[in-house]
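Structure, as structure tokens:
Scope of the values below: all heavy atoms of this structure, side chains included, with no hydrogens, waters or symmetry mates.
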Amino acid sequence: MSLEYKFENRGTVQVRPTGSDKRSPCWYMLVALLLLFTALAGWLFFSGYLTPASSSSGIHAVTLRGKMDEQERLLTEQTASIRELEAKLASAKRDADVQTAANAELTRKFSATEADLTTERGKLALYEEILSPEGLEQGVHLQYFGIKERLVDDDGKKINGKHLYNYHLVLANIRGGDTAVKGSYSIAISGKQNGKAASVLHKDVTPDNEKVLSTFDVKHYQSLEGNLVFPKDFVPESVKVKVSLDSGETPERLTKSYDWSSFNKISAAKSESDLTVSTTKE
């Protein structure tokens with residue numbers, strides 16, 4: 001072992017072994033390991049691995065895992081909220097659909113009832129006149145005839161784009177006793193089709209799904225009704241009604257002509273029996 005001498009400023013001499021101030025390599029390895037563990041602990045901490053998953057502290061919130069957990073929690077809450085809103089929306093749509101269907105059914109029934117009420121009022125006024133036929137001679141009379149456009153069908157649904165009309169013919173047998181009178185009738189509608197004069201019979205323009213009516217059997221009075229569907233390009237101008245008896249001579253009064261415009265001038269407040277007609281000889 002070699003000795004090393006060191007002189008101080010005050011003249012003191014120190015003796016120590018040579019190389020005693022050099023540090024061991026193990027010491028440097030220990031320092032390196034400490035620095036490495038410190039860096040690893042810091043990385044694990046700020047990555048969230050050293051903080052509890054349920055932590056709500058500010059330190060946890062700024063860590064990477066904390067942010068991921070917070071976003072996952074918010075996403076779960078938002079997903080649940082969206083599903084709840086979707087369920088409420090679907091329920092509201094179902095309720096709206098049910099209400100819409102109910103309103104449509106009520107509207108249909110109201111339209112049908114209103115149309116029936118208007119028709120029955122007109123018939124009531126007409127029948128009141130028929131049941132008190134003062135001044136009429138004995139025999140069969142063409143008591144009433146009218147045509148009106150149908151706005152709703154038999155199910156109460158509105159009719160769009162169809163030229164659908166309803167005719168109403170009333171025959172009265174004045175002081176006929178209990179003997180019924182039989183016969184037939186025809187309705188001829190004249191007008192223009194494609195700018196040319198044309199005429200159709202009611203049996204030719206009766207809807208396909210309806211039975212054509214053309215006969216009667218009247219004891220006191222009889223109401224005859226039917227529907228008419230005109231061609232799209234047909235414009236009616238006048239109507240001629242002819243009633244023929246099976247037995248005996250047919251009076252002139254059983255043939256009448258009507259202007260088509262007279263049917264459109266009747267208001268809902270007036271009786272259907274107020275129609276102005278012109279009688280013509282056959």
Open item on the list: Taking Leu142's backbone N and O only, do any of them form a donor-acceptor pair with Lys256's side chain (distance below 3.5 Å, no angle check)?
Closed with: yes
TODO: Name the orientation class of the two ring planes belonging to Phe145 and Phe263 (parallel below 30°, tilted from 30 to 60°, perpendicular beyond 60°).
DONE: perpendicular
Open item on the list: Keeping Glu225 on the side-chain end and Asn166 on the backbone end, is there a donor-acceptor pair under 3.5 Å?
Closed with: no
- [ ] Quick one: list whatever passes side-chain contact (heavy atoms from CB on, under 4.5 Å) with Glu77, sequence neighbours left out.
- [x] Arg73, Leu74
Do any side-chain atoms of residues 85-100 form donor-acceptor pairs under 3.5 angstrom with protein atoms, and if so which ones, sequence neighbours left out?
| residue | atom | partner | partner atom | Å |
| --- | --- | --- | --- | --- |
| Gln99 | NE2 | Asn103 | OD1 | 3.1 |
| Thr100 | OG1 | Ala96 | O | 2.8 |

- [ ] State, with a plain yes or no, whether a side-chain heavy atom of Val181 is found less than 4.5 Å away from one of Leu171.
- [x] no
TODO: Give, for atom OH of Tyr165 and atom CG of Asn227, the distance between the pair rounded to the nearest 0.5 Å.
DONE: 12.5 Å
Task: Inter-residue atom distance Leu228.CG - Leu201.CG, 0.5 Å rounding - done: 11.0 Å
Task: Note, Val243 side chain near Thr250 side chain (heavy atom, < 4.5 Å) - done: no
Open item on the list: Please enumerate all residues that pass side-chain contact (heavy atoms from CB on, under 4.5 Å) together with Val235, with sequence neighbours excluded.
Closed with: none
Task: Considering all heavy atoms, the nearest Ile189-Pro236 contact - done: CG2-CB, 3.7 Å
- [ ] Could you walk me through whether Glu237 and Ser190 pass the side chain to side chain contact (heavy atoms under 4.5 Å, CB included) test, one step at a time?
- [x] CA-CA 6 Å; Glu237 295 179 346; Ser190 300; 5.8 Å; no
Task: ring pair (Phe, Tyr, Trp, His ring centres under 6.0 Å) partners of residues 181-206, not counting sequence neighbours, each pair once - done: Tyr167-His202, Tyr185-His202
Task: side chain to side chain donor-acceptor pair (under 3.5 Å) partners for Glu105, two or more places apart - done: Arg108
Task: Fellow cluster residues of Leu30, listed by chain then number, with links counted only when side-chain atoms sit under 4.5 Å apart - done: Leu34
Task: Min side-chain heavy-atom separation Thr215-Lys182 under 4.5 Å - done: no
Open item on the list: Run the side-chain contact (heavy atoms from CB on, under 4.5 Å) test against Pro231 and tell me which residues pass, sequence neighbours left out.
Closed with: Gln193, Val205, Asp233, Phe234
Open item on the list: Taking ring-ring contact (aromatic ring centres under 6.0 Å, His included) as the definition, give me every residue that meets it alongside Phe216, ordered by chain and number, with sequence neighbours left out.
Closed with: none
Task: Set of residues satisfying side-chain contact (heavy atoms from CB on, under 4.5 Å) with respect to Ser186, sequence neighbours excluded - done: Lys242
Task: Close side-chain approach of Pro251 to Leu245, heavy-atom, < 4.5 Å - done: yes
Open item on the list: Within the supplied structure, the quantity of interest is the number of heavy atoms (other residues, nucleotides, ligands) at a distance under 6.0 Å from Asn209 CG; does it exceed 12?
Closed with: yes
